[in-house]
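Following: one structure in structure tokens, then a few remarks.
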Amino acid sequence: MSARPETPAARPLGGAAAGLALVLVAVLVGVAAQRVSEGAPVPAAASVAPTGHTTTVTVVADGMRFHPDRIDVPPGDRLVIELTNRDHRRHDLVLDSGAKTPPIARGGTHRLDAGVIGAETRGWCSLPGHRQAGMTLRIVPTGSASTGPVVAGYPAEAHAPAAPHLDAMAVPGVAFVARDAAAPTTPSGRLHRRELHVREIQREVAPGVRQRLWTFDGTVPGPVLRGRIGDTFEITLVNHGTVDHGIDFHAGAVAPDEVMRPIDPGQRLTYRFTATRAGIWMYHCSTMPMLHHIGNGMYGAVIIDPPDLPRVDREYVLVQSELYLGPDGEPGDLAKMQAERPDAVVFNGYVAQYAHRPLPARAGERVRVWLLDAGPSRDSSFHVVGTQFDTVYREGRWENRPADPGGSQVLGLGPAAGGFVEMVFPEPGHYPFVSHVMVDAERGARGLFEVR
């Protein structure tokens with residue numbers, strides 16, 4: 001886009017505009033007062049003589065993109081960018097010259113002085129994952145040769161710290177406590193009220209490897225919720241994080257416009273739905289880039305019991321997911337997520353934890369294992385070595401029952417799919433379980449049943 005030179009006076013911008021959110025949420029927003037960017041003045045480009053003119057360009061942040069994402073400016077002109085956020089989440093604009101805006105809430109506008117333009121300048125949104133998701137722009141002096149699109153990642157003058165080394169065969173320390181995989185009992189009431197608190201925590205995900213995770217209630221996966229068909233869930237999401245977050249419950253059928261909208265730090269949102277169908281359902285953050293939020297820990301499971309679900313002796317819940325390591329103690333790497341290059345694949349958030357802290361059972365007991373593949377991208381093929389499944393329930397449908405002559409060796413699931421299997425261990429021993437996508441088993445998607 002070419003912009004015409006004008007005087008540096010600010011222009012008032014229009015009022016409400018429709019913001020397109022990840023879930024096609026349409027929200028009317030107003031425009032806040034315009035301000036000149038704060039901080040030290042941006043120096044004139046040394047390679048060009050200032051013209052004394054100012055080019056003012058309106059840029060809109062919407063749909064995780066800047067519109068336009070290329071600004072052509074006469075060499076020597078001072079550039080002023082009027083940035084309006086019409087998206088349903090906060091954004092900012094950082095230029096590689098050092099100029100930047102503060103984070104701008106939806107409906108807000110900020111006026112950024114980019115200085116005198118003499119060479120190509122690149123910009124991006126600095127909120128976590130937004131640049132890597134494609135939220136970039138270029139400022140190009142008129143007549144200069146294009147140097148191609150902005151490359152997502154770290155600024156050119158910075159170097160990304162290396163991710164820590166993860167050894168999927170490493171043994172955790174003696175004080176390590178595995179996540180309790182026991183399924184919660186089905187509550188007797190028909191209305192389930194709960195607060196889920198978004199918290200950012202540093203946590204070990206493999207021996208000696210820590211990541212900064214975005215979580216529901218401080219755990220990865222989030223808490224397992226449970227109910228029956230006809231139960232109503234009233235969940236209040238409270239955002240204690242540093243960026244916006246939302247939530248999407250696959251167990252409910254509701255219009256996403258309001259209940260799945262992102263909320264800023266410090267805000268609350270109540271999500272109410274009635275369960276109408278059985279299964280194990282995923283819930284996850286609904287904020288763009290969703291890949292980053294799910295890949296960094298924001299997922300969990302809701303179990304809605306099938307009618308007349310038989311009692312069993314033991315019942316476990318395993319949620320498979322992937323780890324994409326960022327620098328030690330920092331959030332996961334979105335570029336790895338986009339390339340589907342996981343450092344590990346895990347059950348219940350930690351590499352091979354049940355290989356070191358096996359799940360107990362007894363010979364002759366009937367054991368049910370609920371499975372959810374939270375992804376965000378890898379399939380699961382759950383298998384228990386040394387036994388067969390006489391019961392399989394996948395995505396709301398019984399596929400095998402104990403009286404059937406056939407059996408099953410795996411429960412195959414795509415991302416966001418779920419079900420359960422049942423088995424009876426024939427004799428004491430150690431029974432490994434894995435995702436039979438063997439590269440993922442070797443990345444950490446494995447454990448043991450210790451049968452006495």
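All values derive from a computational prediction rather than experimental measurement.
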- Considering only heavy atoms from C-beta outward, does the side chain of His250 approach that of Asp248 to under 4.5 Å? yes
- Query: Would Arg122 and Glu120 count as a salt bridge (Lys or Arg N to Asp or Glu O under 4.0 Å) if you check the C-alpha gap in whole Å, the side-chain angles of each, and the deciding distance to 0.1 Å?
  - Reply: CA-CA 7 Å; Arg122 304 195 177 205; Glu120 181 165 334; 3.6 Å; yes
- Message: Show, in sequence, the C-alpha distance, side-chain angles and deciding distance for Thr109 and Thr84, and conclude whether the side-chain hydrogen bond (donor to acceptor under 3.5 Å, both in side chains) test is met.
- Response: CA-CA 4 Å; Thr109 294; Thr84 296; 2.8 Å; yes
- Are Arg394 and Glu399 close enough for a salt bridge, meaning some N to O gap below 4.0 Å? yes
- Query: Please walk me through it: do Cys125 and Arg131 pass side-chain contact (heavy atoms from CB on, under 4.5 Å)?
  - Reply: CA-CA 5 Å; Cys125 178; Arg131 183 184 189 185; 5.9 Å; no
- Are the side chain of Arg226 and the backbone N or O of Pro184 linked by a donor-acceptor pair below 3.5 Å? yes
- Query: Are Glu195 and Thr236 close enough that a side-chain donor and a side-chain acceptor fall under 3.5 Å?
  - Reply: no
- Message: Less than 3.5 Å apart, any donor N or O on the side chain of Thr232 or Thr274 sitting next to an acceptor on the other?
- Response: yes
- Hey, are Asp92 and Ser126 close enough side-chain-wise for a donor-acceptor pair under 3.5 Å? yes
- Do the ring centers of Tyr299 and Tyr283 come within less than 6.0 Å of each other? no
- Item | Minimum side-chain heavy-atom gap Arg90-Pro265 below 4.5 Å | yes
- Task: On the 0 to 90° scale, with breaks at 30° and 60°, tag the His240-His197 ring pair as parallel, tilted or perpendicular.
- Result: parallel
- Message: Assess, by modelled atom type and distance only, whether the side chains of Asp305 and Thr186 contain a donor and an acceptor separated by less than 3.5 Å.
- Response: yes
- Should the pair Phe249 and Tyr271 be assigned to parallel (<30°), tilted (30 to 60°) or perpendicular (>60°) ring geometry? perpendicular
- Glu340 side chain to Met337 main-chain N or O, any donor-acceptor pair under 3.5 Å? no
- Which distance, rounded to the nearest 0.5 Å, do you find between the CG of Asn239 and the CG of Leu269? 10.5 Å
- Message: Salt bridge or not between Asp217 and Arg199? Use side-chain N to carboxylate O under 4.0 Å.
- Response: no
- Item | Ionic contact status for Glu450 with Arg452, cut-off 4.0 Å | yes
- Within 45° of the axis and under 6.0 Å from the centre of the six-membered ring of Trp398, does NZ or CZ of Arg401 qualify? yes
- Would you say the side-chain atoms of His130 pair up with the backbone N or O of Thr136, donor to acceptor, closer than 3.5 Å? no
- Name the orientation class of the two ring planes belonging to Phe420 and Tyr393 (parallel below 30°, tilted from 30 to 60°, perpendicular beyond 60°). parallel
- Message: If you apply the rule side-chain contact (heavy atoms from CB on, under 4.5 Å), what do you find for Arg357 with Val177, and how did you get there?
- Response: CA-CA 8 Å; Arg357 304 292 186 270; Val177 177; over 6 Å; no
- Query: Using the benzene-type ring in the case of Trp, are the ring centres of His245 and Trp214 under 6.0 Å apart?
  - Reply: yes
- Query: Does CD in Glu365 sit with more than 12 non-hydrogen atoms of other residues, nucleotides or ligands closer than 6.0 Å?
  - Reply: yes
- Arg378/Asp440 salt bridge by N-O under 4.0 Å criterion: yes
- Between Glu234 and the options Arg272, Arg194, Arg190, the salt bridge (charged side-chain N to carboxylate O under 4.0 Å, His left out) test singles out Arg272
- Check ion pair Asp69-Arg138 (N to O, under 4.0 angstrom): no
- Note: Gly349 and Pro221 closest approach over all heavy atoms is N-CD, 4.2 Å
- Message: Within the structure provided, determine whether Ile304 and Arg228 are in side-chain contact (heavy-atom separation under 4.5 Å).
- Response: no
- For the pair Phe433 and Tyr354, name the ring-plane relationship: parallel under 30°, tilted 30 to 60°, perpendicular over 60°. tilted
- Message: Please evaluate residues Lys336 and Asp343 with respect to the criterion salt bridge (Lys or Arg N to Asp or Glu O under 4.0 Å), reporting the C-alpha separation (whole Å), side-chain torsions for both, the decisive distance (0.1 Å), and the verdict.
- Response: CA-CA 9 Å; Lys336 289 183 182 178; Asp343 294 283; 3.0 Å; yes
- Task: Could you go through the side-chain contact (heavy atoms from CB on, under 4.5 Å) check for Met290 and Cys285 one step at a time?
- Result: CA-CA 7 Å; Met290 199 187 309; Cys285 185; 5.9 Å; no
- Task: Applying side-chain contact (heavy atoms from CB on, under 4.5 Å), run through Ser286 and Val259 and close with a yes or a no.
- Result: CA-CA 10 Å; Ser286 56; Val259 295; over 6 Å; no
- Assess the side chains of His67 and Asp62: does a donor N or O sit below 3.5 Å from an acceptor N or O? no
- Task: Using distance alone, with no hydrogens and no angle criterion, decide if His284 and His293 have a side-chain donor and acceptor under 3.5 Å apart.
- Result: no
